[in-house]
Amino acid sequence: MKNIVILISGRGSNMEAIVRACAAEQWPGRVAAVLSNRPDASGLAFAAEHGIATGVVDHKQYPDRAGFDAAMRNAIDAHQPDLVVLAGFMRILTPEFVEHYAGRMLNIHPSLLPSFPGLHTHRQALEAGVKFHGATVHFVTPELDHGPIVLQAALDVLPGDTPESLATRLLDCEHVMYPRAVRWFVEDRLQVRDGVVQVQPAEPQWLLALSAPAAGISQ
Ligand code: GAR
């Protein structure tokens with residue numbers, strides 16, 4: 001039974017999706033704790049209501065990033081994690097922190113990486129005029145929003161889309177893809193070779209959420 005520790009900074013809807021899937025599908029794992037850097041993160045209430053240990057390491061109480069990361073690491077390690085899941089955890093992590101969880105920390109980022117790392121990804125996508133947008137679950141490495149890609153979801157950008165409408169449609173995809181990727185990890189199905197992740201036995205490592213039938217290629 002693998003221990004999963006989930007870090008959130010706010011709403012925690014991806015965390016909720018993982019908690020629900022873990023229970024409904026009887027994974028060989030359990031969500032041991034949900035931790036936040038913000039005392040007002042609304043997702044903490046959901047976790048507590050579901051009997052999951054919660055904790056807050058308030059980044060405002062620490063003079064620097066290294067101090068916060070050391071405290072967060074202690075809070076996480078108290079739950080003996082096999083996997084740390086970043087689910088809307090809006091903090092840049094020190095290389096030491098990332099190294100400590102190398103190979104056992106996942107993140108979800110709302111873009112088709114390597115395009116649009118950082119913040120405001122939906123606005124970045126609209127300004128670039130891309131025709132597909134999406135989200136990526138990846139292993140965390142010291143470089144921000146980088147790291148071996150486990151699963152991607154893509155949707156088509158519609159005329160009139162706004163950052164808000166893209167975020168809303170994409171969130172539905174995130175709630176499917178993140179539990180799937182976490183489940184693969186707890187089932188020991190992920191292999192990383194030369195920076196490329198494969199799931200064994202193989203299944204598609206992508207989702208498509210198209211609003212119209214694919215046009216296909218015709219000759
Ligand atoms: C999600 O859209 C996630 O992809 C994004 O924050 C949202 C959190 O929502 N993450 C990032 O932007 C990380 N750089 P949630 O709290 O409802 O899961």
Side-chain angles (χ1 to χ4, degrees), residues 4-22 31 33-50 52 54-57 59 65 68-69 72 83-94 97-98 101 105-128 130 132-155 157 161-183 205-207 209:
I4 305 165
V5 172
I6 305 181
L7 307 193
I8 63 171
S9 291
R11 178 179 56 186
S13 69
N14 278 291
M15 173 273 296
E16 271 193 50
I18 291 165
V19 167
R20 290 188 197 283
C22 181
V31 179
V34 174
L35 306 176
S36 178
N37 63 309
R38 298 182 60 109
D40 59 352
S42 55
L44 290 170
F46 171 89
E49 281 159 19
H50 285 73
I52 297 168
T54 61
V56 174
V57 181
H59 64 273
R65 212 177 275 290
F68 167 77
D69 276 12
M72 184 53 99
L83 174 65
V84 176
V85 172
L86 308 183
F89 185 64
M90 306 305 276
R91 295 284 303 172
I92 291 175
L93 301 165
T94 57
F97 184 95
V98 173
Y101 298 108
M105 183 155 63
L106 294 174
N107 181 43
I108 190 161
H109 182 76
S111 80
L112 288 172
L113 291 173
S115 293
F116 314 132
L119 296 174
H120 310 301
T121 54
H122 313 304
R123 197 164 76 208
Q124 290 190 60
L126 288 172
E127 286 174 359
V130 294
F132 285 103
H133 184 44
T136 304
V137 176
H138 64 97
F139 281 98
V140 178
T141 55
E143 194 175 344
L144 180 70
D145 298 330
H146 241 76
I149 291 171
V150 177
L151 181 56
Q152 289 190 304
L155 48 72
V157 178
D161 256 331
T162 62
E164 293 72 29
S165 66
L166 276 180
T168 302
R169 291 213 306 288
L170 196 56
L171 200 60
D172 287 340
C173 298
E174 294 185 40
H175 294 164
V176 175
M177 70 194 288
Y178 212 2
R180 187 170 301 177
V182 172
R183 180 181 180 160
Q205 289 173 252
W206 48 266
L207 296 171

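Start at 1 with the first residue, then count along the sequence. Remember, it's 1-based here, ligands and their atoms both numbered in the order they're listed. Below, each value reflects all heavy atoms present in this structure, side chains not excepted, and no hydrogens, waters or symmetry copies.
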Worksheet item: According to the interplanar angle, ranging from 0 to 90°, do the rings of F68 and H59 count as parallel (below 30°), tilted (30 to 60°) or perpendicular (above 60°)?
Response: perpendicular
Worksheet item: Can you find a heavy atom in the side chain of V56 that is under 4.5 Å from one in the side chain of P39?
Response: yes
Discussion item. Could you identify the single nearest non-hydrogen protein atom to atom 11 (C) of ligand 1 and state the distance to 0.1 Å?
Written reply: P110 CD, 3.6 Å
Item to complete: Any atoms of ligand 1 less than 4.0 Å from a non-hydrogen atom of I108? List them with their elements.
Response: 4 (O), 10 (N), 13 (C)
Worksheet entry | For atom 7 (C) of ligand 1, closest protein heavy-atom neighbour | R11 NH2, 4.2 Å
Worksheet, complete the sentence: Which of V19, L83, V5 passes side-chain contact (heavy atoms from CB on, under 4.5 Å) with V31? It is V19
Practice prompt. Write out the residue and atom name of the closest protein heavy atom to atom 16 (O) of ligand 1, then the distance separating them to 0.1 Å.
Written response: G12 N, 2.8 Å
Practice prompt. Give yes if a backbone or side-chain nitrogen or oxygen of S13 is under 3.5 Å from a nitrogen or oxygen of ligand 1, and no if not.
Written response: yes
Discussion item. Any nitrogen or oxygen of E174 lying under 3.5 Å from a nitrogen or oxygen in ligand 1? Just yes or no.
Written reply: yes
Worksheet entry | Check: S111 main-chain N/O paired with T136 side-chain donor or acceptor under 3.5 Å | yes
Worksheet item: Does I8 come within less than 4.0 angstrom of ligand 1, counting non-hydrogen atoms of the residue?
Response: no
Fill in: 4.5 Å side-chain heavy-atom contact, H50 and V34
no
Worksheet item: Can you find a side-chain donor-acceptor pair between H109 and H138 that sits under 3.5 Å?
Response: no
Worksheet item: Counting heavy atoms only, which part of M15 comes closer than 4.0 Å to ligand 1: side chain, backbone, both or neither?
Response: neither
Response to the item:
When distances are taken from atom 6 (O) of ligand 1, the protein heavy atom at minimum range is G88 CA, 3.9 Å
Worksheet entry | Side-chain donor or acceptor of Q152 paired with backbone N/O of W206 under 3.5 Å | no
Practice prompt. Check each atom of ligand 1 against the heavy atoms of H109 and keep those under 4.0 Å away; list them by number with element.
Written response: 14 (N)
